[in-house]
S.K.: 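Questions regarding the structure given below will be posed in turn.
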2 protein chains.
Amino acid sequence: MDAIADDAGGKRARGLDRAFEILDFLRQKRQALKPNEIAAQIGAPRSSVYELVNLLLRNGILEFTGGDGRVYLGRKLYFLGAAYENHFDFTRECEAALERLAGETRETAQFCMLDGNKYTVVHMREGARPFRISTDIGQSVPIPWTASGRLLVAHMTDEEILAFIPPQDFQLPGGEWLDPQAFLTEVRQAGHEGFFTFNSIVDSFTHCFAVPVMDEGHAAATLCLVTPRDDGLANRDRYLTCLKDAAASLSQAPTRPRRG
Amino acid sequence: MDAIADDAGGKRARGLDRAFEILDFLRQKRQALKPNEIAAQIGAPRSSVYELVNLLLRNGILEFTGGDGRVYLGRKLYFLGAAYENHFDFTRECEAALERLAGETRETAQFCMLDGNKYTVVHMREGARPFRISTDIGQSVPIPWTASGRLLVAHMTDEEILAFIPPQDFQLPGGEWLDPQAFLTEVRQAGHEGFFTFNSIVDSFTHCFAVPVMDEGHAAATLCLVTPRDDGLANRDRYLTCLKDAAASLSQAPTRPRRG
DNA sequence: ATCATATGTTCAATATATTGGACATTAACG
DNA sequence: CGTTAATGTCCAATATATTGAACATATGAT
């Protein structure tokens, strides 16, 4: 069902693709699984999964954990991810920016990016309010559901956007459908204004603010605030200013390469 | 030369292994490279590297960056690494522990783990002293060169240790050779005492402290202090106490699985 | 202009990776 | 006990991934 991309007929799958399908699946499940379970749940031949899991184990990409032969993402992935992070030097300044934002606004602040054709919260700083945020770190969310989504695809043409976002992602959690044309209009507006705010369309009580973190001419990420509706509307201008300042401070950094 | 494992004859290489060789190579180089350069430097057929790079690009494991078709580790790796990290919930408490350590001692504090058969600094908090640390985050260092190394292999038998550590890693940066038997003795001592300290054997001016962070009965990681020799000797007992307290606070956490 | 080097693309041959299915083992269960 | 389900291993067949080599293009030096 949720296979990565083109997976129609009964051809053999390429090992590399299957391998990363396994990794993504484990990430999504967020728990150690037996090879057999993996095979059953992603609909892959068991022998293939056993073969690949063993290869990945040998490479440190997967690790035995949880006993009973269960495997989960391995340390090597952590190191590779850290190298990615390091290269752009995001995190440190990012955390600082979120900290500052949370302090200034007392609202929940998030740093968001695309993960494939989904939206994902990469870092989050919970606000001081007694307020529950629904989105979990690292969870994939359809792009059209989010304020940030408008910004993260703003560098594409209309056609590219519609080709990029899976059609079913325009269906909101309640079941209603969001008109793609309306979405595109909002994308253009967001791209032009340099921010996007709206009453969340995935719940009935939050107001969302998003501003882009620019890198190489397009929104590489966004900074967001998720607030109670009344607070958000009452402090709209101030919050937007805070966000833009924070984003500006981040937008400089990512370009420069780091040498040890 | 430094191929991953068994790479003798002129057989064809498996795509998956080659792929991770590419990823590791990029991590080591810490910069974006052209596919052609990668092929030349890891000694792989160009057509294979181009094929694999394209596959990895399609999966978000690699990304174009730096222009001219150069590629580097991709965002997907970051997400996978974050999931690994999350699963063990290390980082947050880890950063806190380093912060505390650095505050208490004003020395450089490190969180270290094994990466394959090498030692690696995963997190570091620079001390308040005007003092330069040589080790860089994420760089691979021979196990015998480090105090932590004694602890990180302490759960293995002598034979396992000698099979695990590449023989040439017993050669110190100066060129002298460390006697494996002497190393094993230190490993046993470290395992027994629950810490290891020594005047660094890779430079002439630092004293190193290491204590284990236990997980599932063995040292999954270490906390370290790197200090000027005189300071280290003068504050030895206090520093060791700080380290042990910090390690104890971390040793609890990693076992419990997290549910959203 | 000529040559050399670096870079990327294309393609056919074959070495081999993926796969289905058989088999082995264990646990659960009536 | 016999049956079913879950899990892991093994193996041969074949679909295909890896590879060398040829080709294409750009750049820079002489």
Side-chain angles (χ1 to χ4, degrees), chain A residues 1 3-26 29 31-74, chain B residues 1 3-26 29 31-74:
Chain A
M1 283 302 166
I4 301 180
D6 49 352
D7 181 22
K11 301 305 196 99
R12 288 163 67 163
R14 185 179 272 245
L16 243 183
D17 288 332
R18 254 247 223 265
F20 287 114
E21 194 181 352
I22 291 172
L23 297 183
D24 256 338
F25 182 70
L26 288 172
K29 283 289 186 183
Q31 59 177 308
L33 254 30
K34 300 184 195 181
N36 207 31
E37 298 173 314
I38 298 175
Q41 297 187 48
I42 68 175
R46 287 191 308 145
S47 44
S48 304
V49 173
Y50 276 100
E51 168 86 9
L52 289 171
V53 164
N54 281 327
L55 276 180
L56 295 171
L57 283 169
R58 280 208 286 107
N59 277 306
I61 306 295
L62 288 180
E63 282 175 12
F64 281 119
T65 187
D68 280 325
R70 264 178 276 263
V71 296
Y72 192 65
L73 307 177
Chain B
M1 285 303 164
I4 300 179
D6 50 352
D7 180 22
K11 303 304 197 97
R12 288 162 66 162
R14 185 179 271 247
L16 242 184
D17 289 331
R18 200 74 98 191
F20 286 116
E21 194 181 350
I22 291 172
L23 298 184
D24 258 338
F25 182 70
L26 287 173
K29 283 290 184 182
Q31 59 176 308
L33 255 31
K34 300 185 196 181
N36 207 31
E37 298 172 316
I38 298 175
Q41 298 187 46
I42 69 175
R46 288 189 309 144
S47 46
S48 304
V49 173
Y50 276 100
E51 168 87 9
L52 289 170
V53 164
N54 281 328
L55 276 179
L56 294 170
L57 283 170
R58 280 208 285 107
N59 277 305
I61 306 295
L62 288 180
E63 282 175 12
F64 281 119
T65 188
D68 279 327
R70 264 178 277 262
V71 297
Y72 193 66
L73 307 177

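Only this structure's heavy atoms are used, side chains among them; waters, hydrogens and symmetry mates stay out. Chain letters run A, B, ... following the sequence lines, proteins first, then strands; residues in each count from 1.
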S.K.: Output yes when at least one side-chain N/O atom of A:R14 is less than 4.0 Å from OP1 or OP2 of D:dA15, else no.
M.R.: no
S.K.: May I ask you to decide whether B:R18 forms a salt bridge with B:E51, counting only side-chain N to carboxylate O separations under 4.0 Å?
M.R.: no
S.K.: Given D:dA15, is OP1 or OP2 found less than 4.0 Å from the side-chain N or O atoms of A:R12?
M.R.: no
S.K.: Please report, rounded to the nearest Å, how far the P atom of D:dT19 is from the CG atom of B:D17.
M.R.: 11 Å
S.K.: Measure from CG on B:L33 to P on C:dA6 and round the result to the nearest Å.
M.R.: 14 Å
S.K.: Let me know the distance between CZ of B:R18 and P of C:dA17, rounded to the nearest Å.
M.R.: 12 Å
S.K.: Exactly one of B:N54, B:L55, B:V53 should register a side chain to side chain contact (heavy atoms under 4.5 Å, CB included) with B:L62. Which one does?
M.R.: B:V53
S.K.: Atom CG of A:N54 and atom C1' of C:dA17: how far apart are they, to the nearest Å?
M.R.: 14 Å
S.K.: Roughly how many Å is it from CG in B:L56 to C1' in D:dA17, rounded to a whole number?
M.R.: 14 Å
S.K.: Return whichever of A:Y50 or A:L16 has its heavy-atom-nearest nucleotide of DNA chain D closer to the 5' end.
M.R.: A:Y50
S.K.: Can you tell me how far the CG atom of B:D17 sits from the CG atom of A:L16, to the nearest 0.5 Å?
M.R.: 10.0 Å
S.K.: CG/B:L26 to CD/B:E37 distance, rounded to the nearest 0.5 angstrom?
M.R.: 10.0 Å
S.K.: What pair of heavy atoms forms the shortest contact from B:Y50 to B:P35, and how long is it?
M.R.: CE2-CB, 3.5 Å
S.K.: Given atom CG of B:D68 and atom P of C:dT7, what is their separation to the nearest angstrom?
M.R.: 9 Å
S.K.: Quick check on contacts: within residues 36-48 of chain B, what sits under 4.0 Å from DNA chain D by heavy-atom distance?
M.R.: B:P45, B:R46, B:S47, B:S48
S.K.: Closest to the A:K34 side chain: C:dT18, D:dT18, D:dG8?
M.R.: D:dG8
S.K.: Any side-chain heavy atom of B:K29 within less than 4.5 Å of one from B:I38?
M.R.: no
